[in-house]
Amino acid sequence: MFHGVAVHAIDLSLEGEHGWVYRDVGLMAEPGSLTAVTGQAGSGRTSLLLTLAGRMKPTTGTLTVGRYDKPRSIRRVAALGLVDGVNDLEKALTVREHLHERSPGMFWGKRQESRAETALALAGLEPSPDDRTLVRDLGREQRVRLGIALALLDTPGLLVLDNVDTGLSRDRQEALWATLEELCGLGLTVIAACTESELATAIHLPSGTSGGEEPETVPDAEKPAGAGEQDGETVARAVPAEETEETEEKDR
């Protein structure tokens with residue numbers, strides 16, 4: 001159902017204004033695989049996720065996602081699930097309004113409704129595409145699952161999402177990981193960040209890598225690109241899409 005992509009990173013590092021955010025990260029994720037990125041707040045895990053999804057440009061190292069190695073091109077195949085502080089859901093909007101906003105095409109028809117129904121079901125959500133529940137009335141797990149559903153509307157090859165274990169009981173965390181594993185079974189490559197994980201394929205980021213600078217929040221790339229503070233985590237300044245594109249032009 002999904003055309004998952006391979007993710008290959010070698011010595012990937014990101015330096016902020018006051019030090020390294022993450023450093024010398026290696027990763028080899030096969031298409032249709034599930035990888036956990038673990039670390040405490042401040043370990044740079046959110047920034048690493050955004051780099052892998054083409055929303056931040058690394059300082060050094062190499063990254064290929066599918067056949068792409070530039071941030072702008074990586075964004076063609078990589079979608080963000082919920083990444084707190086980057087692409088937060090609008091609490092005053094309903095499930096229906098979020099789906100309509102993200103669905104392609106000017107008019108909502110049977111095709112868009114069918115795509116939304118499929119995305120919601122794959123994300124493990126029961127509401128219909130016409131659900132008028134406000135996001136503020138959804139629980140944490142439902143918001144994470146709605147973020148997954150919205151990302152799936154883009155039919156990505158790679159899905160990244162953050163804070164999978166935040167605010168959830170052990171059994172609900174396991175249910176969410178089970179949903180991610182099911183998506184991988186359908187071919188999608190998934191990389192998810194959390195504090196701890198029992199997954200065999202996991203990358204642990206040590207604490208204290210970040211230089212401790214105050215974060216500079218910039219818009220997300222799909223709304224456009226950027227990163228910010230995640231539950232107290234300090235991250236480096238994201239490279240705005242236009243700066244990234246200028247750099248890519250110079251690299252050619």
Side-chain angles (χ1 to χ4, degrees), residues 1-7 29-34 49 52-55 65-68 73-84 86-164 168 172 174-192 220-225:
M1 183 171 187
F2 293 99
H3 298 288
V5 294
V7 180
E30 299 297 330
S33 63
L34 175 60
L49 286 182
L52 297 176
R55 273 69 175 180
V65 179
R67 58 190 177 92
Y68 303 114
S73 54
I74 289 173
R75 291 198 291 271
R76 298 174 185 170
V77 295
L80 297 182
L82 192 60
V83 179
D84 299 321
V86 176
N87 62 344
D88 297 302
L89 300 174
E90 175 52 60
K91 296 180 179 178
L93 296 183
T94 66
V95 171
R96 176 179 183 273
E97 289 169 330
H98 274 287
L99 290 168
H100 279 238
E101 185 180 58
R102 284 291 295 273
S103 296
M106 295 182 61
F107 303 102
W108 182 267
K110 291 184 177 179
R111 179 173 175 271
Q112 285 85 352
E113 183 171 354
S114 177
R115 286 169 57 89
E117 284 180 343
T118 300
L120 288 170
L122 291 174
L125 277 175
E126 294 182 357
S128 73
D130 197 39
D131 190 280
R132 309 299 175 96
T133 303
L134 293 172
V135 165
R136 68 163 62 99
D137 295 326
L138 299 177
R140 169 68 186 177
E141 181 182 351
Q142 290 176 306
R143 295 199 302 274
V144 173
R145 291 182 181 276
L146 179 56
I148 294 172
L150 294 173
L152 296 183
L153 291 174
D154 298 331
T155 319
L158 169 66
L159 169 69
V160 304
L161 65 163
D162 200 7
N163 296 326
V164 170
L168 299 181
R172 299 323 307 163
E174 292 175 354
L176 190 52
W177 282 111
T179 296
L180 297 178
E181 288 177 343
E182 290 172 0
L183 290 173
C184 292
L186 296 173
L188 183 63
T189 306
V190 179
I191 300 177
D220 173 38
E222 292 186 2
K223 284 192 187 173

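- Partners of A192 according to the side-chain contact (heavy atoms from CB on, under 4.5 Å) rule, which considers only residues two or more places apart in sequence or in another chain, are L161, V164, W177, L180.
- When all heavy atoms of L134 and K91 are compared, the closest pair comes out as CB-O, 4.0 Å.
- Of the residues listed (D131, L82, V95, T133), the one engaging L146 in a side chain to side chain contact (heavy atoms under 4.5 Å, CB included) is V95, and it is the only one.
- One distance of note links CZ of R172 with CZ of R140; it measures 14.0 Å at 0.5 Å rounding.
- The shortest heavy-atom contact between R96 and R132 is CD-NE, 3.1 Å.
- The shortest heavy-atom contact between R115 and T155 is NH2-OG1, 4.0 Å.
- Screening L152, I148, L188 against L122 for a side chain to side chain contact (heavy atoms under 4.5 Å, CB included) leaves a single residue, L152.
- Remark: side-chain polar atoms of S114 are not paired, donor with acceptor, to backbone N or O of K110 under 3.5 angstrom.
- A119 approaches A149 most closely through the heavy-atom pair CB-O, 3.5 Å.
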Worksheet entry | Trace of the salt bridge (Lys or Arg N to Asp or Glu O under 4.0 Å) decision for R143 with D88 | CA-CA 9 Å; R143 295 199 302 274; D88 297 302; over 6 Å; no
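- Partner of L158 under the side chain to side chain contact (heavy atoms under 4.5 Å, CB included) criterion, out of V190, V65, I74, V77: V65 alone.
- N87 and G81 make their closest contact through ND2-O, 2.9 Å (heavy atoms, listed as atom of the first residue, atom of the second, distance).
- With contacts defined as side-chain heavy-atom distances shorter than 4.5 Å, the pair H100/S103 does not qualify.
- The closest side-chain heavy-atom distance from V144 to N163 is not below 4.5 Å.
- The CZ atom of R145 lies 3.5 Å from the OG1 atom of T179; values are rounded to the nearest 0.5 Å.
- Separating the CG atom in L168 from the CD atom in E174 is a distance of 11.5 Å, to the nearest 0.5 Å.
- By the side-chain contact (heavy atoms from CB on, under 4.5 Å) test, P31 is found to be paired with A6, T189, residues two or more places apart in sequence or in another chain being considered.
- The nearest pair of heavy atoms linking P129 to E117 is CG-CG, 3.2 Å.
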